[in-house]
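Sequential numbering from 1 along the given sequence is applied to the chain's residues. Predicted model, so just to flag it, every value in this text is computed and none were measured.
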Amino acid sequence: MPLQILIISDNESFTAYLGELLQRAGHVARSVEREKEAFPAIRRQKPDLIILAMEASKIAPLAIEHRVQTPSGPRSVPVIVISECLRLEAELLQVFDFIGKPLDVKRLLDDVSAVALRKAVPPQEQELDSRLAASFSRHILSHSGLHFDKRNQPALTRGLLKRMSALRLTDFKEYLQYLKEHGEDRHELQKLLQFLTVGETYFYRYPAHFDVLRERFAEQSASAAPIRIWSAGCSTGEEPYSIAMALMEALPDWRQRDIRIIATDINNRSLKRAREGVYSPWSMRITTPEQSARYFRRVGESFLIRDEVKQLVQFSHLNLSVPCREPVCDQLRELDAVFCRNVLIYFTPDTAAGMLQRFTQALKPGGFLFLGHSETLLQRGLELELKRKERSFYYVRSGVGAPTAAAAPPRQPLPQDFDDGAPLTEDQIRLARAWLGEQRPWGEDAEPHSAPAQVSPEPAPPAPTPAAPQPPATDDADLLRSARELFDREEFDPALELLELVLQRRPDLPEALVLKGFILAGKGALEQALATSERVLVLNDLLPEGYFLKGVLLDAADRLDEAAREYRKALLLDHDFIMPRFHMGRLHLRQGRIAEGTREIRNSIRILSRFGDQETVPFSGGLTRAVCMLQLQNTLARVA
């Protein structure tokens with residue numbers, strides 16, 4: 001059956017070539033040359049397929065899921081991207097296919113034929129039966145080491161459905177066959193993995209860890225010993241490059257030193273991007289202007305790592321879950337530090353325990369182990385001593401002997417700032433994750449892992465821990481301002497600690513309670529967060545943020561009419577409050593009220609246009625004006 005195909009390309013000769021190719025294959029091809037003409041053309045022509053071949057910087061805003069209104073209802077239009085900028089493939093996970101240049105003509109024609117056959121988008125409520133789930137689990141485990149058992153089958157199902165939706169495959173069996181056939185040549189396994197793991201990161205994430213590193217090597221600056229640090233699970237490179245920059249700051253003579261940062265990851269696409277060292281403003285969101293100027297070169301909207309930083313880092317492929325036989329493994333001994341942050345949560349407890357033992361044995365006595373903030377409960381029976389730095393945790397290898405084996409070591413007591421709360425139902429956990437996922441910028445739509453469900457909710461006895469360092473006596477407004485800055489940088493635990501200090505003295509301060517409510521919601525304690533929002537509104541029923549918090553929580557619980565009322569109250573009190581307006585717009589769209597939703601999104605864009613590009617949008621999850629504007633425009637483009 002012939003397809004109506006719209007070519008969006010700024011290269012006239014390439015457009016003519018594609019048009020002739022497609023017409024010979026029996027299809028009808030039309031084209032536009034400028035991106036501003038694209039959306040009107042899509043609405044007007046209602047194509048069956050879009051082929052996008054623009055300059056790399058223009059692709060992302062256009063390579064989204066386009067929807068057109070037809071007499072039979074709304075229809076999703078698949079997109080094929082053709083570009084020489086290969087790094088975009090790892091970012092454009094929702095497109096039907098990404099084809100590099102020079103063009104593989106057979107692959108393009110196969111894709112067009114597949115689009116003609118795959119008219120439907122799979123329903124996102126499909127259930128994955130246990131037999132097929134086991135087949136997917138075995139395949140993913142054997143090729144990546146990631147383990148998905150019955151407990152985290154919902155996360156697996158969501159990831160599969162996202163890739164199936166992009167490929168317009170409606171049957172799990174069909175996708176399993178596609179995954180086996182194209183896991184390597186079309187990088188399908190790597191694309192799927194990006195929906196099964198959280199790859200979001202940025203430079204200097206958990207700043208206290210880098211402070212520890214600077215202090216350690218500044219104290220040992222007279223030593224000429226080699227420096228070896230392992231970044232295990234380095235993703236797209238922000239972590240190992242941050243380590244390199246911290247060492248450069250700590251050691252004035254770093255150029256004369258023998259320094260090597262060994263960065264490993266299972267995801268070859270992420271490693272490619274890490275080696276390229278090209279980053280967006282989102283990765284730079286807590287980097288200071290001085291650090292940006294010293295370690296990066298600005299080219300348009302991109303930040304390029306300088307070669308002097310790159311030369312300290314070597315990147316290698318490594319699967320942490322299997323015995324280490326790669327050439328890089330010879331270097332993973334007598335290490336000064338190991339960073340493995342937010343990685344262990346993707347493995348079974350037994351596998352994670354084995355990896356921790358391996359990290360410990362790879363460290364020198366006195367070497368540092370840095371884990372993610374959510375992984376501080378994983379240290380069991382090893383020669384690791386827990387340390388605190390301000391509001392962060394890390395470990396120091398305390399001895400040289402082999403760790404004692406213990407079949408079932410006791411659970412480490414919860415850190416004093418961990419809010420255990422009441423046990424969460426599966427539905428509460430699902431809703432909390434859905435809410436958190438909405439706070440991420442467009443293009444970082446990775447599914448959160450189901451690790452929170454693995455944390456035992458039963459109370460644990462408090463541990464005798466050193467008292468957290470108290471900040472100097474200061475005005476509560478200053479503490480609140482600092483907490484808000486930490487909150488905007490997504491450093492929620494340190495922000496909560498400052499808020500608790502304020503609330504000890506002023507337990508009824510609404511502004512502090514609002515921030516605490518958002519942090520509780522992010523931790524999944526939805527009932528506590530809702531109670532906090534109601535307390536805020538009792539204390540100050542003219543605080544827009546209080547109504548917005550309550551609206552978000554009702555929205556997450558699918559109490560949409562009640563959520564809309566709270567958003568409306570927030571906007572009545574503060575007409576220019578971006579986030580309740582944005583949420584109100586999306587709520588309208590979810591309920592099929594396209595005109596109302598479009599109006600609210602457009603109003604949000606108008607208000608946001610008054611912000612500075614790097615200004616943070618309040619209560620947006622740390623988004624700058626530039627990133628938030630892109631998110632709004634993409635939302636509008638899907639329905640306009």
How many angstroms lie between atom [atom1] of [X] and atom [atom2] of [Y], to the nearest 0.5 angstrom?
X	Y	atom1	atom2	result
F487	L496	CZ	CG	11.0 Å
F393	L386	CZ	CG	6.5 Å
H209	F368	NE2	CZ	11.0 Å
C340	F359	SG	CZ	3.5 Å
Q291	M248	CD	CE	11.5 Å
L132	T157	CG	OG1	10.0 Å

According to side-chain hydrogen bond (donor to acceptor under 3.5 Å, both in side chains), who are the partners of [X], at least two apart in sequence or on a separate chain?
X	value
E215	K389
T351	T348
E308	R255

Check this for me: K387, atom NZ, are more than 12 non-hydrogen atoms of other residues, nucleotides or ligands nearer than 6.0 Å?
no

I want to check something: taking the side chain as every heavy atom from C-beta on, are [X] and [Y] in contact at a cut-off of under 4.5 Å?
X	Y	result
L369	F339	no
T264	F315	no
L128	L156	yes
P207	I286	yes
I59	L92	yes
H317	D265	no
L213	I243	yes
F96	R168	yes

Please name the pair of heavy atoms, one in [X] and one in [Y], separated by the smallest distance, quoted to 0.1 Å.
X	Y	result
L320	G233	CD1-N, 4.5 Å
N319	S321	OD1-OG, 2.7 Å
G159	F195	CA-CB, 3.9 Å
L86	G100	CD2-CA, 3.9 Å
A56	C85	CB-CB, 3.7 Å
C234	L271	SG-CD2, 3.8 Å

Using the ring of W282 (Phe, Tyr or Trp, six-membered ring only), decide whether R285 places NZ or CZ under 6.0 Å from its centre and within 45 degrees of its axis.
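Positive - R285 is close enough to the ring of W282 and near enough to its axis.
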
Between F296 and Y241, is the gap from one ring center to the other below 6.0 Å?
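Not close enough - the centres of the two rings lie 6.0 Å or further apart.
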
Decide if the gap between the ring center of Y279 and the ring center of F203 is smaller than 6.0 angstrom.
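That pair passes the under 6.0 Å test.
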
Whether the R228 and Q331 side chains hold a donor-acceptor pair (N or O, under 3.5 Å, no angle test) is what I'd like checked.
no

Between Y394 and E385: side-chain donor-acceptor atoms closer than 3.5 Å
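Short answer, no.
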
For [range], pull every pair meeting salt bridge (charged side-chain N to carboxylate O under 4.0 Å, His left out), keeping only residues two or more places apart or in separate chains.
range	result
residues 328-338	D336-K364
residues 233-243	E239-R341
residues 179-191	E89-K191, D97-R186, D111-R186, R163-E188

Looking only at atom types and distance, does a side-chain atom of [X] sit under 3.5 Å from a main-chain N or O of [Y], one as donor and one as acceptor?
X	Y	result
R118	L167	yes
R397	P365	no
S165	L161	no
K310	R275	yes

For Y295 and E249, run side chain to side chain donor-acceptor pair (under 3.5 Å): C-alpha distance rounded to whole Å, both residues' side-chain angles, the deciding distance at 0.1 Å, then the answer.
CA-CA 11 Å; Y295 303 117; E249 291 164 4; 3.3 Å; yes

Working for side-chain contact (heavy atoms from CB on, under 4.5 Å), residues E326 and S316:
CA-CA 9 Å; E326 304 289 339; S316 301; over 6 Å; no

Using a strict cut-off of less than 4.0 Å between a Lys/Arg side-chain nitrogen and an Asp/Glu carboxylate oxygen, indicate whether D211 and R214 qualify as a salt bridge.
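Counted as a salt bridge, because a side-chain N and a carboxylate O are separated by less than 4.0 Å.
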
